[in-house]
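Scope of the values below: all heavy atoms of this structure, side chains included, with no hydrogens, waters or symmetry mates.
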Amino acid sequence: MQTLIEGVQPYVTTIVTGVVGVLTTFVLAGLSTVKVKVNSWLEARTTATQREVIHKIAGEGFAFAQTAFKQAGGERKLQEALQYATLRLAEQGITVSAVELQAAIEKAYLEYKAKTKTVLTTEAQPSEEATQAAAKETVSGLAAKLNDFLAQATADVAPVVQGQVQSEPESISASAEAVQAPVSTE
């Protein structure tokens, strides 16, 4: 029975991973569609300045809830962000429905998620310039090591070569005399 479970486990893991990926894709597509609809709805009912203020305060509310209530769940963070944004907008004299404000906070959340995903992707995959700089540094290090090695090798070999060169001229001149013989042309 244990062997059967161990044999099936990789297949189950692959299937579950695939299903989760597909569900995530549908959820993200749905959120993107909702984001577009919320933006168009907001644009139809508010002025550009008011929209800017609403989105700014919604972003502040999201940031406040994200940092002040780290241990809280998503729903509690949303409620705290809504409360903060409602109070701040009331101070500005802007009246917004709870649905509009929640949509603006959700938009801030989606933007935050997109930015963190981009940052993680960027950190995981170094830029081309960073890769080239690392390659140049590696090549420079290898060249320095090669130069050191060659300098050490020539320093070890140089005295031996000089000693051989000094003893060879005598033997060369002796052998050259023996080889030099008058050539007769007959």
Side-chain angles (χ1 to χ4, degrees), residues 1-139 141:
M1 184 66 178
Q2 184 70 14
T3 325
L4 178 65
I5 292 173
E6 290 174 358
V8 173
Q9 185 176 4
Y11 298 113
V12 171
T13 304
T14 304
I15 291 170
V16 169
T17 304
V19 168
V20 168
V22 169
L23 289 175
T24 303
T25 303
F26 283 124
V27 167
L28 290 175
L31 287 175
S32 177
T33 304
V34 168
K35 178 182 169 184
V36 170
K37 288 181 181 181
V38 166
N39 281 338
S40 63
W41 189 71
L42 274 174
E43 288 175 6
R45 287 171 177 72
T46 58
T47 66
T49 308
Q50 285 178 333
R51 280 194 315 273
E52 189 175 306
V53 171
I54 291 169
H55 287 290
K56 181 179 177 186
I57 291 176
E60 289 175 4
F62 167 72
F64 170 72
Q66 188 72 11
T67 55
F69 301 96
K70 290 180 182 176
Q71 304 302 324
E75 189 62 34
R76 169 92 191 278
K77 287 181 184 180
L78 177 62
Q79 293 305 319
E80 293 297 332
L82 283 169
Q83 183 180 5
Y84 172 85
T86 302
L87 291 173
R88 294 283 295 150
L89 288 172
E91 290 174 4
Q92 298 287 325
I94 300 174
T95 306
V96 181
S97 71
V99 174
E100 289 176 280
L101 193 53
Q102 183 175 350
I105 291 171
E106 292 288 342
K107 179 183 177 190
Y109 171 73
L110 290 175
E111 289 172 352
Y112 168 78
K113 285 300 232 182
K115 286 179 184 177
T116 56
K117 183 177 180 181
T118 303
V119 168
L120 291 176
T121 304
T122 304
E123 289 175 359
Q125 299 173 353
S127 68
E128 185 176 333
E129 293 172 359
T131 306
Q132 288 178 353
K136 286 180 182 178
E137 185 177 322
T138 304
V139 169

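A donor-acceptor pair shorter than 3.5 Å can be found between the side chains of Gln79 and Glu75.
Residues meeting the side chain to side chain contact (heavy atoms under 4.5 Å, CB included) test with Thr3, sequence neighbours left out: none. Judged as a salt bridge (Lys or Arg N to Asp or Glu O under 4.0 Å), and not counting sequence neighbours, Glu106 has no contacts. Every residue meeting the side chain to side chain contact (heavy atoms under 4.5 Å, CB included) condition with Val8, not counting sequence neighbours, appears here in chain and number order: Leu4, Val12. Residues forming a side chain to side chain contact (heavy atoms under 4.5 Å, CB included) with Val20 (at least two apart in sequence, or on another chain): Val16, Thr24.
Taking the side chain as every heavy atom from C-beta outward, Thr95 and Glu100 never approach each other to under 4.5 Å. With contacts defined as side-chain heavy-atom distances shorter than 4.5 Å, the pair Gln102/Leu82 qualifies.
For the pair Ala85 and Ile105, the tightest heavy-atom approach, listed with the atom from each and the gap, is CB-CD1, 4.4 Å. A pairwise comparison of heavy atoms in Val96 and Leu101 identifies CG1-N, 3.8 Å as the closest pair. Between Gly61 and Ala81, the shortest heavy-atom distance links the atoms O-CB, 3.4 Å. Between Val38 and Ala103 the shortest heavy-atom distance is CG1-CB, 3.0 Å.
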Show the atom names and distances, to 0.1 Å, of all donor-acceptor pairs under 3.5 Å that link a side chain in residues 28-35 to residues at least two apart or in another chain.
residue, atom, partner, partner atom, Å
Thr33, OG1, Ala29, O, 2.9

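Residue pairs that meet the salt bridge (charged side-chain N to carboxylate O under 4.0 Å, His left out) test with at least one member in residues 85-97, sequence neighbours left out, are Glu60-Arg88, Arg88-Glu91.
Residue-environment remark: CD (Glu111) exceeds the threshold of 12 foreign heavy atoms within 6.0 Å.
Leu89 CG to Lys56 NZ: the interatomic distance, rounded to the nearest 0.5 Å, is 11.5 Å. Taken to the nearest 0.5 Å, the CG atom of Leu110 stands 12.0 Å off from the NZ atom of Lys115.
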side-chain contact (heavy atoms from CB on, under 4.5 Å) assessment of Lys107 paired with Asn39: CA-CA 9 Å; Lys107 179 183 177 190; Asn39 281 338; 3.6 Å; yes
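Between Tyr109 and Phe62, the angle of the ring planes goes over 60°, which puts this pair in the perpendicular group of the 30/60° scheme.
The backbone N or O of Glu6 lies less than 3.5 Å from no partner atom in the side chain of Gln9, so there is not a single donor-acceptor pair.
A salt bridge between Glu80 and Arg76 is present, with a side-chain N of the basic residue lying under 4.0 Å from a carboxylate O of the acidic one.
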